[in-house]
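Each remark here refers to the structure printed beneath this line.
The chain is numbered in sequence order, starting from 1. As a basis for the values below, the full set of heavy atoms in this structure was taken, side chains included, without hydrogen atoms, waters or symmetry mates.
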Amino acid sequence: MLKRFKIFDPLFIAAVILPTTLSLLYFGFFASDVYISESRFVVRSPDKPAMSALGAVLSAGGISTSGDKSYAVVDYVRSRDGLRDANGDGAVTKAYANDTISTFDRFGGLLRGTTFEHLYEYYTGKVAIEFDTGTQVTRLTVSAFSPRDAQLINQRLIERSEQLVNRLNSRAQSDTIRLANQEVDEAKRRAQAAAVALARFRDDRRLLDPEKEAAVRLQMVSKLQDELIASRTQLAQIRQFAPHNPQLPALQTKIATLSAEIADQTGKIAGAPGSLSGESVRYQSLRIDAEVADKQLAAALAGLQDATADARRKQAYVERVAGPNLPDYPLEPHRWKAILATLIMGIIAWGVLRTLIAGVREHHD
């Protein structure tokens, strides 16, 4: 096979010489230098003390943590919104569409569109972001065709990520406090309704406290009974020693009046319609409702304070471990490596094709 090898073999030219020549021309004369700016940051929350009961409920309900925000930052940087925010003044477009960049490499160059979707597709090939779950550090790299542009785009993406974390903080704090305020408002309504019901009962019945009123009337009945007993004793003595005493009719009338008054007051306390004992049951129910509503309101107010404190403690922030560097040397493309790789792949392809062709010819022969 070596004897029949010719350097001007069409297969060798097509598989080795032509690709290597094109690679040499592109990487040697056309490919633009690529500068890479790298930054590292973490999204963290301040150390929190022991979580309150409300905080545990909110945490169980899915309130965002700093880890969640790290993933949100990663998705944001990779998103169209991240590109749109970073390119607010057209800086990203200018960086990648500069006329000094090779037409093969720049945005909008050879056989490339210039719409936002084309820019986004181009952007995803120039920006890389990775979140390390072990160290909790996020690594952001931006490739551009000048050191300043690479650093500028990296810096903007970090700034926009900080703004995103602030918006997430604001939303989480707003949602947490809004829910707590709703609980407070509901507790206030219940407390006010219970207080109004209790006040209406007192106005309608003209009773401040049926139990206290019943106690006062019981004391009155007790005094009346004492007076009744004394009058009956006096009546019995007069009848025994002075049956014709003129005081007897008056004393009998007094006893009858006392008995009627005792019966009337006893009925008002218990037994008669609208008695204090019946009113006391309704009063106790209203009073318990009012006390429970007041306790619920106090708990809701305490919960609001806890929610506000927890929301403040959960404020996440972006802490830069390493800021965007200004590269002083182009790391890409790897020109000689790319040319050598093209040559090696061409030789391998040429060898495989030559072997296949030789095999086919021997088969026909």
Heavy atoms, side chains only, cut-off 4.5 Å: are [X] and [Y] in contact?
X    : Y    : value
L164 : R160 : no
T138 : I129 : yes
L119 : T115 : no
V92  : F107 : no

Determine yes or no for a side-chain-to-main-chain donor-acceptor pair under 3.5 angstrom, with [X] supplying the side chain and [Y] the backbone.
X    : Y    : result
S170 : R167 : no
N87  : A91  : yes
R320 : F41  : no
T233 : I229 : yes
S37  : P324 : no
S32  : S102 : yes
T124 : E121 : yes

Check for me whether the distance between the ring centres of F145 and Y35 falls short of 6.0 Å. no
Check the surroundings of atom CZ in R148: do more than 12 heavy atoms from other residues, nucleotides or ligands lie under 6.0 Å from it? no
Indicate the atoms forming the closest heavy-atom contact of [X] with [Y], along with that distance.
X    : Y    : value
A300 : A187 : CB-CB, 4.0 Å
T114 : G108 : CG2-CA, 3.8 Å
A293 : A191 : CB-CA, 3.5 Å
S161 : V73  : OG-CG1, 3.6 Å
R106 : I101 : NH1-O, 2.6 Å
I36  : S143 : CG1-OG, 3.6 Å

Is the shortest side-chain N to carboxylate O distance from R40 to E38 below 4.0 Å?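 Here R40 pairs with E38 in a salt bridge, since their nearest N and O are under 4.0 Å apart.
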Can you tell me how far [atom2] of [Y] sits from [atom1] of [X], rounded to the nearest 0.5 angstrom?
X    : Y    : atom1 : atom2 : result
L340 : M345 : CG    : CE    : 12.0 Å
K126 : D149 : NZ    : CG    : 12.0 Å
T342 : L22  : OG1   : CG    : 9.5 Å
D105 : E332 : CG    : CD    : 11.0 Å
N325 : T141 : CG    : OG1   : 10.5 Å
D289 : E291 : CG    : CD    : 9.5 Å

Does R80 count as lying over the ring of Y120, i.e. NZ or CZ under 6.0 Å from the six-ring centre, within 45 degrees of the axis? yes
Take Y71 and T133 through the side-chain contact (heavy atoms from CB on, under 4.5 Å) test and state the conclusion after the steps. CA-CA 10 Å; Y71 287 112; T133 57; 3.1 Å; yes
If two hydrophobic side chains count as joined below 4.5 Å and joins carry through other members, does [X] share a cluster with [Y]?
X    : Y    : value
L140 : V34  : yes
L11  : I17  : yes
L343 : L353 : yes
Y96  : L152 : no
L18  : F104 : no

Would V43 and Q136 satisfy side-chain contact (heavy atoms from CB on, under 4.5 Å), going step by step from the backbone distance to the final call? CA-CA 8 Å; V43 181; Q136 301 293 305; over 6 Å; no
Start with the C-alpha gap between S79 and D81, add the side-chain angles, then the distance that decides, and say whether side-chain hydrogen bond (donor to acceptor under 3.5 Å, both in side chains) holds. CA-CA 5 Å; S79 70; D81 286 342; 5.1 Å; no
Dump the intermediate steps for side-chain contact (heavy atoms from CB on, under 4.5 Å) on D89 and R156, then the final yes or no. CA-CA 11 Å; D89 58 354; R156 286 199 174 187; 2.5 Å; yes
Applying salt bridge (Lys or Arg N to Asp or Glu O under 4.0 Å), run through E186 and R190 and close with a yes or a no. CA-CA 6 Å; E186 182 62 27; R190 289 194 295 264; 3.5 Å; yes
Out of I348, T21, I347, which residue meets the side-chain contact (heavy atoms from CB on, under 4.5 Å) rule with V16? I347
Residues Q151 and Q155: side-chain donor-acceptor under 3.5 angstrom: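 Judged by distance alone, the side chains do not pair up.
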Decide side-chain contact (heavy atoms from CB on, under 4.5 Å) for V127 and L157; before the verdict, give the C-alpha distance in whole Å, the side-chain angles of both, and the deciding distance to 0.1 Å. CA-CA 10 Å; V127 175; L157 288 174; 3.9 Å; yes
